[in-house]
Amino acid sequence: MAETLQSLRGMVDLLPEQIALWQHLEAVAREQFRRAGVREIRTPLLEATELFARGIGEATDVVGKEMYSFLDRGERACTLRPEGTASVVRAVIQHSLLGQGPQRLWYGGPMFRYERPQKGRQRQFHQIGLELLGIGEARADVEAIAIAWDLLEALGLDELTLELNTLGTGEDRARYRAELVRWLEAHLEELDPDSRNRVHTNPLRVLDSKDAGTQALLAGAPQLGDALSGESHERFSRVRQGLEALEIPFRINPCLVRGLDYYSHTAFEITSTHLGAQATVCGGGRYDGLVEQLGGPATPAVGWALGLERLVLLLAQRQTIPANSPPPDLYVVNRGEAAEAWALALTRNWRLAGLAVELDLSGAAFGKQFKRADRSGAPWAAVIGDSEAAEGVVVLKDLRGEAGEDRRLKPEAVAEVLAGRPQL
RNA sequence: GCGGGCGUCGCCAAGUGGUUAAGGCAGCGGCUUGUGGCGCCGCUAUACGGGGGUUCGAAUCCCCUCGCUCGCCCCA
């Protein structure tokens, strides 16, 4: 036997058994977006590396060490998209969509990050995301969050926590960052080693340290809230009031810092306690500077992304929906040269009439075929042997009924019987 | 990139140095050459992730390697 091949690390197959769950998820999301007046956009999986470098930020982990990047045959620097927002913004700019007014868009599909796989994290993973472009109102943040929240509720998920924070404007954050770094440098000796490393690479992250000693120390650190302008404060309170008015529960988390550079003002995460270490199901926020940074007109925007693998883990735990695809309506048992040819034609006609029909192609003994018919889960079997083929009739057998007798019917009558309108 | 755990048939799983490596499920064949669900019998070509070593002898011990998995970092 030849050596077997495997999918690449972190690239998983979704087998037929799991597909019903995924399709359910996608259907619920589509319906949610339809109701919310959000249109779908599809962008390429492959983009110029520069798009992500400029959009997400050179210094972030996503860009610095997690991208699937390579040179194509024309020596162009290409990257498999690690997230959706940058591509959507690029497309919106490229096609001047903002000239038509604000854009309410959603996207879905695979994303790629070169990370060590673990629970709820793959190298190829799937996101569904929302972007509201051209709307700067605090109400847009609230609406975006509400759409995500309602989508998760429509999936039957509860025990979710919405965490909320504000990052202020870029200037607010830069001012605070400098202040925080000064303070951290003064207390360098007291920090845990992990946090010490982050003082210069990602100082805001230190606030989120899991080390108890560091957390205690941080009580005396400068607060992001104090560095915010009055306008930023005002804006954040409008977001909070909006959520309260919609009765969407949330928790203020001053340590919540989004990793990507483009965020400003509202930042939020929806987490579950049933996922292990990778608890974030949905993450998002406002990114008012991104469109301009990518060469478009200054445009406020807010959005989020949902991680589908994590949702699937939660749905599978809850057994919210059946995981199997439905059985066929009719199983065609057939044997004999003339019968087999006729069965193929009949199967096609029944399918054209809208029935889900499985044709037994084994040519095996009737007994075997009935066994398979039974296991297929089909409620009915059509039996076609050479005598039926000669007479132009089909034996219709009720596989599930108590006293279901076999009936000899014209093939045209089969669809009627299955539809519950027997015609004798 | 760094830690921990694990790798026996398609799936679950016994076996921890010694004649032919249990068992269950699934699959296939037969009992039953045109009627299934139950039952019985049999099969899945020497299957212990791969390579090397120790030993009279290894799935069982050692080394290396690959893979999976959980966690760190980071993120959805």
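The chains referred to below are lettered A, B, ... by the order of the sequence lines, with proteins before strands, and numbering in each begins at 1.
Base pairing of B:rU54: no nucleotide in any strand meets the Watson-Crick or G-U wobble criterion (both distances under 3.5 Å). Using N1 to N3 plus N6-O4 or O6-N4 for Watson-Crick, or N1-O2 and O6-N3 for G-U wobble, each under 3.5 Å, B:rU44 pairs with nothing. When both distances must be under 3.5 Å, the Watson-Crick or G-U wobble mate of B:rA26 does not exist. When Watson-Crick and G-U wobble pairs are counted only if both distances are under 3.5 Å, B:rU60 pairs with no nucleotide at all. A 3.5 Å limit on both hydrogen-bonding distances identifies B:rC70 as the Watson-Crick or G-U partner of B:rG3.
Between A:Y287 and A:Y263, the ring planes are perpendicular. Angles over 60° get that label, and only those under 30° would be called parallel.
Side chain of A:W350 to main chain of A:P411: a donor-acceptor pair is present (N/O by atom type, distance under 3.5 Å, no hydrogens or angles).
Taking atom CE of A:M67 as the reference point, atom P of B:rC74 lies 18 Å away to the nearest angstrom. If you measure from atom CG of A:L162 to atom C1' of B:rA76, you get 15 Å, rounded to the nearest angstrom. Rounded to whole Å, the distance from CG on A:D406 to P on B:rG36 is 11 Å. Rounded to an integer number of Å, the gap from CD1 of A:I56 to P of B:rA76 is 9 Å. Here B:rC74 presents its P atom at 7 Å from CG of A:D61, a figure rounded to the nearest Å. The CD atom of A:E358 sits 14 Å away from the C1' atom of B:rG36 (whole-angstrom rounding). Rounded to a whole Å, the CZ atom of A:R81 is 13 Å from the C1' atom of B:rA76. Rounding to whole angstrom units, CD of residue A:Q122 and P of B:rC74 are separated by 20 Å.
Partners of A:E83 under the salt bridge (Lys or Arg N to Asp or Glu O under 4.0 Å) rule, at least two apart in sequence or in another chain, do not exist in this structure. Residues forming a salt bridge (Lys or Arg N to Asp or Glu O under 4.0 Å) with A:K65 (at least two apart in sequence, or on another chain): A:D61. Not a single salt bridge (Lys or Arg N to Asp or Glu O under 4.0 Å) links A:D192 to another residue, sequence neighbours left out. For A:R54, the salt bridge (Lys or Arg N to Asp or Glu O under 4.0 Å) criterion is met by A:E50, not counting sequence neighbours. For A:H274, the side-chain hydrogen bond (donor to acceptor under 3.5 Å, both in side chains) partners are A:E159, not counting sequence neighbours.
Only the C1' atoms considered, B:rG57 is 6 Å distant from B:rG18, to the nearest whole Å. For the P atoms, the distance from B:rA14 to B:rG24 is 15 Å, rounded to whole Å. A gap of 37 Å separates the P atoms of B:rC63 and B:rU44, to the nearest Å. Going from the P atom of B:rG23 to that of B:rC43 covers 11 Å, rounded to whole Å. Taking atom P on both nucleotides, B:rC12 is separated from B:rC70 by 15 Å, rounded to a whole Å. On the C1' atoms, B:rC68 is 40 Å away from B:rC40, given to the nearest whole Å. Across the C1' atoms, B:rU60 and B:rG15 are found 9 Å apart, a figure rounded to whole Å. On the C1' atoms, B:rU46 is 41 Å away from B:rC2, given to the nearest whole Å.
Between A:R408 and A:R9, the residue anchored nearer the 5' end of RNA chain B, judged by the nucleotide with its closest heavy atom, is A:R408. Between A:F366 and A:R310, the residue whose closest nucleotide on RNA chain B is further toward the 5' end is A:F366.
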Study note, to complete from the structure: Per-nucleotide protein contact along nucleotides 24-29 of chain B, 5' to 3', at a 4.0 Å heavy-atom cut-off (B base, S sugar-phosphate only, - neither), is ---SSS

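Residue-nucleotide stacking is present for A:F370 and B:rU35, judged by a side-chain ring centre under 5.5 Å from the six-membered base ring centre and planes under 30° apart.
Between A:Q118 and B:rG71 there is a side-chain N or O to OP1 or OP2 distance below 4.0 Å.
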For nucleotides 1-10 of chain B, list the nitrogen or oxygen atoms of the protein found under 3.5 Å from its nitrogen or oxygen atoms, one pair per line.
residue: B:rC2; atom: N4; partner: A:R116; partner atom: NH1; Å: 2.5

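Residue-level contact check: A:R335 touches the backbone only, with heavy atoms under 4.0 Å from sugar-phosphate atoms and none from bases. Contacts of A:A365 with the nucleic acid, taken as non-hydrogen atoms under 4.0 Å apart, involve only primed sugar atoms and P, OP1 or OP2. No contact: A:I128 has no heavy atom under 4.0 Å from any strand.
Applying the side chain to side chain donor-acceptor pair (under 3.5 Å) definition to pairs two or more places apart or across chains, those involving residues 355-367 of chain A are A:Y331-A:D360, A:D360-A:S362, A:D360-A:R372, A:S362-A:R372. For residues 40-67 of chain A, no pair satisfies ring pair (Phe, Tyr, Trp, His ring centres under 6.0 Å), with sequence neighbours left out. Under the ring pair (Phe, Tyr, Trp, His ring centres under 6.0 Å) criterion, the residue pairs touching residues 124-174 of chain A are A:W22-A:H126, with sequence neighbours excluded. Note on residues 174-185 of chain A: pairs passing salt bridge (charged side-chain N to carboxylate O under 4.0 Å, His left out), not counting sequence neighbours, are A:D172-A:R175.
The existence of a salt bridge linking A:R335 and A:E340 is excluded, since no basic side-chain nitrogen approaches an acidic carboxylate oxygen closer than 4.0 Å. A salt bridge does not link A:R196 with A:E190: none of the charged nitrogens is closer than 4.0 Å to a carboxylate oxygen.
Residues of residues 272-282 of chain A that place a heavy atom closer than 4.0 Å to RNA chain B, in numerical order, are A:G276, A:A277, A:Q278, A:T280, A:V281, A:C282.
A heavy-atom distance below 4.5 Å is not found between the side chains of A:S87 and A:P44.
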